[in-house]
Every structure is written in C-alpha cells, then in structure tokens.
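Here is the naming used below: chain letters follow the sequence lines, and residue numbers restart at 1 for every chain. Just the heavy atoms: all of them, side chains too, but no hydrogens, waters or symmetry mates, feed the values below.
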Number of protein chains: 2
Amino acid sequence: MSLEERRKSRVTLLDVARHANVSRATASLVLRKSPLVGSETRIRVENAMRDLGYVYNIGAARLRVERSQIIGAIVPNLTNPFFAELLSGIEGAIGATGKVVILANSGDEVERQEMLLRRMREHGVDGVILCPAACTEQALSDQIADWGMPVVQVLRHISRDLDYVGVDYAAGMRQAVDYLASLGHETIAFAVHGPIHSAYQERVDGFHDAMRSRALEPGMIIRFPAQLGDIAEATHLLFDQPKRPTAVICFNHIVALGLSAGLHDCGLTIGRDISLVGFDDVADAEAIRPKLTSVATGPVAIGEMAARLLVDRIADPDLPARHVVSDTILHIRQSCGRPDRKN
Amino acid sequence: MSLEERRKSRVTLLDVARHANVSRATASLVLRKSPLVGSETRIRVENAMRDLGYVYNIGAARLRVERSQIIGAIVPNLTNPFFAELLSGIEGAIGATGKVVILANSGDEVERQEMLLRRMREHGVDGVILCPAACTEQALSDQIADWGMPVVQVLRHISRDLDYVGVDYAAGMRQAVDYLASLGHETIAFAVHGPIHSAYQERVDGFHDAMRSRALEPGMIIRFPAQLGDIAEATHLLFDQPKRPTAVICFNHIVALGLSAGLHDCGLTIGRDISLVGFDDVADAEAIRPKLTSVATGPVAIGEMAARLLVDRIADPDLPARHVVSDTILHIRQSCGRPDRKN
DNA sequence: CTGAAAGCGCTTACAG
DNA sequence: CTGAAAGCGCTTACAG
C-alpha cells in the first residue's frame, strides 16, 4: 500500500498536461521557459504542476538531451581541511549554475580513482574536476580524451592537454625564502611529507631555486610522517641535520601544526629560537600561538575557478587547454624572527 | 567532427549484443550478472563490452527500475573540518555499496535547503542524509513523508518520525563536568557559539543537568562569535562574569581553538591558570599546546552509521524509525588542572 | 537460455 | 501556439 501510494504519487509531465488541458509538448515548453507559450497557458500549466506536486525528472530528460547536470569531483583526501575548502568552492560555484556535484575520495590510489572515474561515466557526468591521485600516469589524459569527457585538473596536474587550475607554488616558496633571508636566515629547511606529485615537486624545486637565487645553500629537504599525530614527535629530525636550520618552511598546514606542537615540546619558542613558515594558510594559522606566518593559497577560490573552467569546457569542448595558476600571498604574523647566531 | 566522433563512440547495449551475436535481453542479463546466461555466452558478451568500450548508462536503467544509485548529503557547512570528517564517513560507506553521493551545502539556510532537496528529488536520489539547517521546521518531516523519500537525520534532528544518528551530547557534557568537578572546579562556564539547533540545545541542557547533579551552580553559558577569527579577541567575555570561571567547556573545536589562542594572548597558561575542555576532538586537539582535553564525538563513524541506516531504509521504507546515539569519549590530555583558589 | 515487444519520462522536429 | 510521433538506453515479463 505504501508502495501503491508512492507509485501513484509519481506525477509525470503527461499528467500535468492533461490537468492543464494542453499537450505534453506544451507542458515541456513551459518547463523549459520557452517564450513560445502564451502567458495564460503558461500559468495554467504552472498551476497544474504545483497542484499535482510535479517533480521534474532530470534523468529522463538526459536520455534525450546531452546534459546530465551532474559533475564529478575527485579529491585524494576528504579529512584534510584544505581539500574541504577546495570542495566548498567547487560546490558553491557548481551549485550556482544549477548543477549538482558528485563527490568522491580517491584516497590517493590510482586504481580507486579509475573505478570512480568509470562510475562517474556510468552516471553520465557532464565533466569532472580531478585532483589526480599521486602516481597517476600521464596516459590517463589520453584515455580521458578518448572518452571525450571534459576534465579539469586541480592543484595537481598530469598533462598539459587538460585544463588545470592550481597555485604558483614556486612563487610561494620564493616569498617564504626571501622573507626568511631578509631576516638574516641562511640555513633554511623545507619540511615535507606525503605522496609525491606535481604540487610536491613544484614546491621542492621552487625551494631549491629560491635558495640558489639568494646564493644560499639549497637542499635541506626533510621528510616527516604523513599523519599529523606523528609529526610532533619526529621534530628531532630538524636537529639531526649536519647544519641545524634556523628557520623551517612547512609543506602545508598539517606539517606546520605538527611542528609547531613539536617545537613547543622541545622547549623552543617559535619566532625566537626558531622561525616557522606555514603553507596553505587555512583557518588554523590565525588560531595557533604564536600566530603562524604563512603562504596563503586560497583553496576556496581555486575550487571556484576550477568549476568555472569546467563549465566553459563543457560548453565548448574544443577550446584550447587553459592553465590558470593563482598567486600566493605571504601573511606575515608572529612565527618568524631573526636567527639566533648562538646556534 | 569531434561531435561526430563523440556521438559515434556512444556504444549501447544493442551494439554489444550485436557484436556478441546475442539479443539485447541477454546482454542485459550479463550486465546484471544473472546466472541465467551460459558461461561461453557470458564471456563472449563481456569481451564485446570490453572491445567496444561499453559504458553502462545508469540513468537509462533508472527509468525502468526504481533505483538511481545516487544518494544526497546536505550539510550546513563544508569548511568546518568536523563536517568534512562526517562527509568522509558518508562517502566511504556509500561508495562501498556502489552508490554515489551528491554533496550540497545548505549554509544553514532553510530556503537553500529546500531548493537543494528539490534539486535532489529531480535527480531521483534514492535517499538523503540530512543535517538539518538551523530553524528547520518540523513540518519538513511531513513533507518528506509525503514525498516518500528516505531520509536520515544526522547530528541534528527535527522529528522523531525520521531516522536519526547523532551523539549523546548530554553524556558528553556530563563527562566534562564530572571530570572538572573531580579536579575541584565549581565555577564552570560553557562557551558556545553558532546557530541554535537540537545539538546545541542538548549540549546546553546537558550542561545544566550535569552541573545540577553535582550540586554546582548552573547557568554560566557564554556566547562567542561564530567565526574562528573573532573568538580569540572575545576571550574577555569569560572574565566579564559575576563570578570568574576556573574552567571552561567549549561548544566545539572551533571555540576551543579560538579560546586556546585567546587565553594565551591574555598571558594565561591553560591547564594551570584556567582549565579548558574541548568538544569534537578533531585532529587539532592533539596538535595544539597544551594538548587539549576533549570530548570525542567520532564524526567519521557517525557518517558511516548514517549511511548504513539510509541503505537499510531504502531497502525497507516501512521500517520503524530508528534513533542511534553514539557515546562520547573523554580524552584527558593536558589542558586541565586543579582550580587556582587565589582567583 | 534467447528474442520480440512494451514502456520508463522526457525532448524534438514536423505538421498543422 | 499545439498535437502526434519517434526515440534516448535500458529492463522486464512473456513466449519460445
């Protein structure tokens, strides 16, 4: 009986048309706000829709028309607040166009990513915003081209043939290094962690380049554990170096949070005994003490921009590939000082 | 021409059937792994699918069958890491069943929530996991029943007629109060912020009850700004009270982060001069110093549980409504000490 | 095990 | 402006 009711309650466009004394074609035109329909007719149909509780069936429409109004978003990690902000930007901008976003988490695994991509194709997504899992091969780009599926890469890239929106990581590293150098630091470490991908590589290369152009010794890359909980107790890695760094740049806000805690545990005062620069500048940067000087990358805006590019590409698949790289901003707060020459 | 190609490349089940020399019905059976098909036939069909690059069209199938394999998730805020973890649990558990999740952000606005719900119905979602926007009226529950749409409420509830999975906030508050009382605190504040909803109310009520049952003076509820960035500088509110609190329980990790910073700015040492208990226990709790004693609510597990309930309800819409409320765990770390009687 | 046929709810020319 | 008809890609009885 509840099944009965539910079945009964499914009202179709034909029901609406009958109730309004028009043909189904006319009702369809009203639905899509065609100017072909007279206003009295339109109103009659709209009333019928309301009275009957009609709900448009996008899936059925999709069968005839080439738009599902669904786009996919694949990120490597959902619990990282940085990706949450990215997603927030994507969802906001896509939602504003009346489309809907299917969310998926690749966990940075290429097989899982492959499965998700297939699932999304089965759902007929109009396109996807992809932050490629680490170790994704460039060949994926050819596959995507074969499929004829609009894709924009975000934050990480695997091919120049696809649209891309990301961050000018090299410039960000230069800002950090220049700032520290201006305070007198010469021995600067770059504390990294996590899987290797384009954004990782660009940061590392950017660090080396920035150090070189300041005529500083490059090369002090120190790898920390992937999990926030393990970073603090690995802080000693900083001091196991041949030359002890007076300043450290963090790969992202997770490393910054971990080291900020770990240095505190070592009895060091950040900003006096050692300088710390964060990267990504999510909300925490303001909240930890001392306030963290940080390179801001604006994840929400990046998500919005990626959404915009995807919408454009769906509208015109033959557009040449675009690559937009956004500027970083160094927010100077309280976590850096002059080097302590005693060390 | 690229259009041509794309159109050409759309291979249907009929193409597969022809290529494998079977009827479309048989191909469909293979697709759905029916045991009715002989294994040689099955293999022939599977090869044809592979050779032709066939992609199942779920949307077309949905038209015949009552399952879209899409579920919706509506949360009030995407940038709050707590909701990101919740979402992660939802996506993981739903994804594991082969379904896909449409994500949407209500921004805690009921009109927006209404629009999102409609959009999801248009997409024929099989059900939705809803964290109701603040001020959602109970009438929504009746609407949902009318629609015949499976819904599970998560974290916040508006009606007992709908499934719900949330947290035993009252028990969490009791744990916090009991712990502080056992250290000797008598003047305890509850620092709240954000919109009012069931989870808010339950925490406040739980606080009062817990204080009363310890024979302590209840009632010190102090409201802080909604934005993390504004909380630290509102810390003085704690001291504008008739009786200065020796301990404060935080509404969530955002308040905890903000106050932790603000108290530091006031020159107070947390755990010695004043005690702080967090709520939610997202990753940060381990990372701020002193380590934050916190009531853990396990958002990932809650998301998973909500997904499980939704799947059950979709399978059997006539199930009686279930309400699962998960236990909290008090993680004792370093942010609490005995009250300083000098104050 | 397989084929022919009807139908899910829409859109789109094509006539009127 | 409106109606009749075909078709999007699948599934589901129903015969064989």
Side-chain angles (χ1 to χ4, degrees), chain A residues 3 6-46 48-49 52-70 119 121-126, chain B residues 3 6-46 48-49 52-70 119 121-126:
Chain A
L3 182 72
R6 211 157 293 127
R7 183 171 307 291
K8 194 187 64 192
S9 76
R10 164 151 302 161
V11 6
T12 77
L13 201 48
L14 188 54
D15 299 326
V16 170
R18 282 206 266 254
H19 194 263
N21 268 314
V22 300
S23 77
R24 183 161 53 174
T26 306
S28 174
L29 290 175
V30 172
L31 213 48
R32 285 166 301 131
K33 310 201 185 304
S34 159
L36 294 180
V37 186
S39 62
E40 336 81 71
T41 314
R42 161 184 316 283
I43 294 190
R44 201 145 34 91
V45 173
E46 284 170 347
M49 293 197 200
L52 267 39
Y54 173 72
V55 174
Y56 184 52
N57 183 332
I58 296 184
R62 176 202 327 179
L63 219 46
R64 290 275 356 214
V65 136
E66 278 322 280
R67 285 292 101 96
S68 67
Q69 307 287 27
I70 303 177
R119 195 176 283 173
R121 289 209 295 147
E122 293 183 344
H123 277 279
V125 295
D126 292 336
Chain B
L3 183 70
R6 211 157 294 128
R7 183 171 307 292
K8 197 186 63 192
S9 75
R10 163 151 304 163
V11 5
T12 78
L13 201 48
L14 187 55
D15 298 325
V16 170
R18 282 207 265 256
H19 194 263
N21 266 313
V22 299
S23 76
R24 184 163 50 172
T26 306
S28 174
L29 290 174
V30 171
L31 213 50
R32 285 167 301 134
K33 308 201 187 308
S34 159
L36 295 179
V37 186
S39 64
E40 336 81 71
T41 314
R42 162 185 315 284
I43 295 190
R44 203 146 32 92
V45 173
E46 283 170 348
M49 294 196 200
L52 267 39
Y54 173 72
V55 174
Y56 184 52
N57 183 330
I58 296 183
R62 178 202 324 179
L63 219 46
R64 290 279 352 216
V65 137
E66 277 324 279
R67 285 293 95 98
S68 67
Q69 309 287 27
I70 304 177
R119 196 178 281 174
R121 289 209 297 148
E122 293 182 344
H123 278 279
V125 295
D126 292 336

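- Taking atom CZ of residue B:Arg44 and atom C1' of nucleotide C:dT2, one finds them 11 Å apart after rounding to whole Å.
- Take A:Asp126 and apply the side chain to side chain donor-acceptor pair (under 3.5 Å) test, not counting sequence neighbours, and it matches A:Ser68.
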Which side-chain N or O atoms in residues 53-60 of chain B pair as donor and acceptor under 3.5 Å with protein atoms at least two apart or in another chain?
| residue | atom | partner | partner atom | Å |
| --- | --- | --- | --- | --- |
| B:Asn57 | OD1 | B:Gly59 | N | 3.0 |
| B:Asn57 | OD1 | B:Ala60 | N | 2.9 |

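- In this structure B:Glu46 satisfies the salt bridge (Lys or Arg N to Asp or Glu O under 4.0 Å) test with no other residue, sequence neighbours excluded.
- Qualifying side chain to side chain donor-acceptor pair (under 3.5 Å) partners for A:Arg32, counting only residues two or more places apart in sequence or in other chains: A:Ser28.
- Checking the phosphate oxygens (OP1, OP2) of C:dG3, a side-chain nitrogen or oxygen of B:Ser23 falls inside 4.0 Å.
- For A:Thr41, a side-chain nitrogen or oxygen approaches OP1 or OP2 of D:dT2 to under 4.0 Å.
- For DNA chain D, runs of at least 3 consecutive pairs of the Watson-Crick or G-U wobble type, with both hydrogen-bonding distances under 3.5 angstrom, map to C:1-3 with D:14-16, C:5-12 with D:5-12, C:14-16 with D:1-3.
- In this structure, B:Thr26 OG1 and B:Asn21 CG are separated by 11.0 Å, a value rounded to the nearest 0.5 Å.
- Sequence order on DNA chain C of the closest nucleotides to B:Glu40 and A:Ala25 puts B:Glu40 first from the 5' end.
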Short N/O separations, protein against nucleotides 8-10 of chain D, under 3.5 angstrom:
| residue | atom | partner | partner atom | Å |
| --- | --- | --- | --- | --- |
| D:dG9 | N2 | B:Ala60 | O | 3.0 |
| D:dC10 | OP1 | B:Tyr54 | OH | 2.4 |
| D:dC10 | OP1 | B:Asn57 | N | 3.4 |
| D:dC10 | OP2 | B:Leu13 | N | 2.4 |
| D:dC10 | N4 | B:Arg24 | NH1 | 3.1 |
| D:dC10 | N4 | B:Arg24 | NH2 | 3.2 |

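- Across A:Ala48 and A:His19, no two heavy atoms sit closer than the pair CB-ND1, 3.6 Å.
- Looking at B:Arg62, its side chain never comes within 3.5 Å of a backbone N or O of B:Arg67 through a donor-acceptor pair.
- Between A:Thr41 and A:Arg44 there is a side-chain heavy-atom pair separated by less than 4.5 Å.
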